[in-house]
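Report on the following structure.
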There are 2 protein chains.
Amino acid sequence: MHKVTVLDKKGALDCPIRDVINRIGDKWSLLILVVLSEQPTRFNELKRTIGDISQKVLTKVLKELEQEGYITRTAFDESPPKVVYDLTEMGLSVLTPVGQLIDWAEKNHALIKEHRNKTD
Amino acid sequence: MHKVTVLDKKGALDCPIRDVINRIGDKWSLLILVVLSEQPTRFNELKRTIGDISQKVLTKVLKELEQEGYITRTAFDESPPKVVYDLTEMGLSVLTPVGQLIDWAEKNHALIKEHRNKTD
DNA sequence: TAACCTAGTTACCTCAAGGTGCCTAATTGA
DNA sequence: TCAATTAGGCACCTTGAGGTAACTAGGTTA
């Protein structure tokens with residue numbers, strides 16, 4: 001079996017997986033990474049593609065993803081402004097294990113929903 | 001490259017990965033699954049092992065994990081009460097892709113912290 | 001008799017995530 | 001001249017996650 005001994009009981013202060021879950025476990029980060037994996041994308045383009053994200057939250061999440069090294073932000077000195085976001089190598093690489101989880105989720109989605117309805 | 005086309009833009013209502021992230025992306029679920037992967041565990045034993053989880057939240061999370069089919073709850077008719085929690089096959093199997101993500105997190109933890117400090 | 005252990009439940013509080021709406025400054029097209 | 005577009009910033013509000021503390025019931029122990 002896969003041995004897992006990682007999680008930190010002391011409040012997850014320096015726990016790697018908590019850092020990752022705290023970042024991509026929110027409502028929008030994962031979706032943003034996936035959209036950016038298709039192509040570098042401008043701010044409003046991201047907003048339109050995702051559709052129902054608020055401007056405030058998009059700004060905030062992009063800042064955080066940049067700060068932790070998942071994406072880059074490139075501003076061009078034009079008018080109207082032009083800012084392009086893109087994945088870093090790290091941002092791209094996290095999509096591999098995330099993809100594994102997505103595969104698992106797809107395979108087990110029916111089972112989960114079945115359970116949920118059984119005990120509604 | 002790993003092609004990811006899963007995320008649902010319509011609010012993630014029926015999106016498999018959102019179901020999973022919403023469940024194990026909280027503060028305690030993942031840790032509980034990992035603890036249970038070592039051995040079936042009683043309620044208070046879980047509480048003591050984790051240490052800083054509140055009773056209310058432990059009860060709630062256990063209920064939800066059971067409802068979605070990740071764990072089982074077995075109550076013995078004794079006094080004082082005895083209730084044992086254990087992983088289901090599904091609960092065990094999710095730890096494989098999660099383990100992949102944990103590996104990634106460990107390998108990139110230093111890099112993430114470096115980025116974070118660079119732009120503090 | 002009084003306190004303890006079990007597995008919870010309930011009321012109350014706090015904080016952060018996320019939403020809405022309104023503002024900006026330079027430039028372009030009608 | 002007026003409206004639209006760009007990438008945000010800011011004030012305000014609601015909701016849910018999670019914490020604390022006190023309570024329960026039956027049986028065991030001191």
Side-chain angles (χ1 to χ4, degrees), chain A residues 7-13 15 18-19 21-32 35-36 40-68 71-86 119, chain B residues 7 9-13 15 18-32 35-36 40-68 71-86 119:
Chain A
L7 296 177
D8 182 5
K9 292 174 212 159
K10 300 189 289 280
L13 289 170
C15 178
R18 279 257 59 87
D19 271 2
I21 293 275
N22 285 343
R23 178 91 305 287
I24 68 170
D26 68 350
K27 192 170 176 184
W28 298 112
S29 294
L30 200 50
L31 182 50
I32 291 172
V35 171
L36 290 184
T41 312
R42 298 179 60 176
F43 182 86
N44 270 4
E45 208 177 339
L46 270 171
K47 192 162 162 348
R48 277 190 299 269
T49 304
I50 296 178
D52 49 356
I53 191 173
S54 74
Q55 198 149 348
K56 193 195 75 172
V57 171
L58 180 55
T59 310
K60 185 189 166 210
V61 173
L62 287 172
K63 253 184 211 159
E64 291 167 349
L65 286 173
E66 188 202 357
Q67 203 196 352
E68 302 212 342
I71 66 174
T72 58
R73 191 194 105 113
T74 312
F76 297 85
D77 195 13
E78 303 174 8
S79 186
K82 179 177 175 184
V83 177
V84 173
Y85 293 91
D86 195 6
T119 54
Chain B
L7 297 176
K9 292 174 215 163
K10 298 190 291 279
L13 289 170
C15 179
R18 279 257 61 88
D19 271 3
V20 175
I21 292 276
N22 284 343
R23 179 90 304 286
I24 68 169
D26 69 351
K27 192 169 175 186
W28 299 112
S29 294
L30 199 50
L31 181 50
I32 291 171
V35 171
L36 290 183
T41 311
R42 297 179 61 174
F43 182 86
N44 270 4
E45 209 177 339
L46 270 172
K47 191 161 163 349
R48 277 191 299 269
T49 304
I50 296 179
D52 49 355
I53 191 173
S54 73
Q55 197 149 351
K56 192 195 75 172
V57 171
L58 180 54
T59 311
K60 184 189 166 211
V61 174
L62 287 172
K63 252 183 211 161
E64 292 166 349
L65 286 173
E66 188 200 358
Q67 202 195 351
E68 301 210 344
I71 67 174
T72 58
R73 192 194 105 114
T74 312
F76 296 84
D77 194 14
E78 304 175 6
S79 185
K82 178 178 174 183
V83 177
V84 173
Y85 293 92
D86 196 5
T119 55

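Values reported hereafter were calculated over all heavy atoms of this structure, with side chains retained and with hydrogens, waters and symmetry mates removed. Below, read A as the first sequence line, B as the second, and so on, with proteins coming before strands; counting in each chain starts at 1.
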So, taking the atom named CG in A/Leu65 and the one named CZ in A/Arg73, what distance separates them when rounded to the nearest 0.5 Å?
13.5 Å

Rounded to whole Å, CZ of A/Arg73 lies from C1' of D/dT6 at a distance of 12 Å

Residue whose closest nucleotide on DNA chain C lies nearer the 5' end, A/Glu78 versus A/Asp26
A/Asp26

Per-nucleotide pairing state of DNA chain D [Watson-Crick or G-U, under 3.5 Å; [ ] pseudoknot-crossing; | other strand]
|||||.||||||||||||||||||..||||

Mind calculating the distance between CG (B/Asn22) and C1' (D/dG16) to the nearest angstrom?
12 Å

If you measure from CZ on B/Arg48 to OG1 on B/Thr41, what distance do you get to the nearest 0.5 Å?
11.0 Å

side-chain hydrogen bond (donor to acceptor under 3.5 Å, both in side chains): which pairs involve residues 55-66 of chain A, sequence neighbours left out?
A/Arg23-A/Glu64

Below 4.0 Å: OP1/OP2 of D/dA17 and any side-chain N or O of B/Arg23
no

Reading nucleotides 19-30 of chain D from the 5' end, what letters show protein touch, with B for base, S for backbone sugar-phosphate only, - for no heavy atom under 4.0 Å?
BB------S---

For B/Lys47, report the nucleic acid contact type (base, sugar-phosphate, nothing); a contact means any heavy atom under 4.0 Å.
nothing

Nearest-nucleotide 5' precedence on DNA chain C, A/Lys60 against B/Phe43:
B/Phe43

Derivation and outcome, side chain to side chain contact (heavy atoms under 4.5 Å, CB included), residues A/Leu30 and B/Ile21:
CA-CA 10 Å; A/Leu30 200 50; B/Ile21 292 276; 4.2 Å; yes

A/Ile32 side chain reached by A/Leu58 side chain, heavy atoms, under 4.5 Å:
yes

State which residues pass side chain to side chain donor-acceptor pair (under 3.5 Å) with A/Asn44; sequence neighbours excluded, sorted by chain then number.
none

Remember a base hit wins even if backbone is also touched, and classify B/Tyr85 as base, sugar-phosphate or nothing at under 4.0 Å, heavy atoms.
sugar-phosphate

Starting at atom CD of A/Glu66, determine the distance to atom C1' of D/dA7, rounded to an integer number of angstrom.
14 Å

Rounded to the nearest 0.5 Å, the CG atom of A/Leu31 sits from the CD1 atom of A/Ile53 at a distance of 7.5 Å

In short, A/Ser29 meets A/Ile24 closest at the heavy-atom pair CB-CA, 3.9 Å

Listed by chain and number, what are the side-chain contact (heavy atoms from CB on, under 4.5 Å) partners of B/Val84, not counting sequence neighbours?
B/Pro40, B/Arg42, B/Phe76, B/Lys82

The single option from B/Val57, B/Ile71, B/Val83 that satisfies side chain to side chain contact (heavy atoms under 4.5 Å, CB included) with B/Leu62 is B/Ile71

Member of A/Leu46, A/Ile50, A/Val35 meeting the side chain to side chain contact (heavy atoms under 4.5 Å, CB included) criterion with A/Trp28
A/Ile50

Chain A reaches DNA chain C, atoms under 4.0 Å from its heavy atoms, from C/dA17 to C/dT27

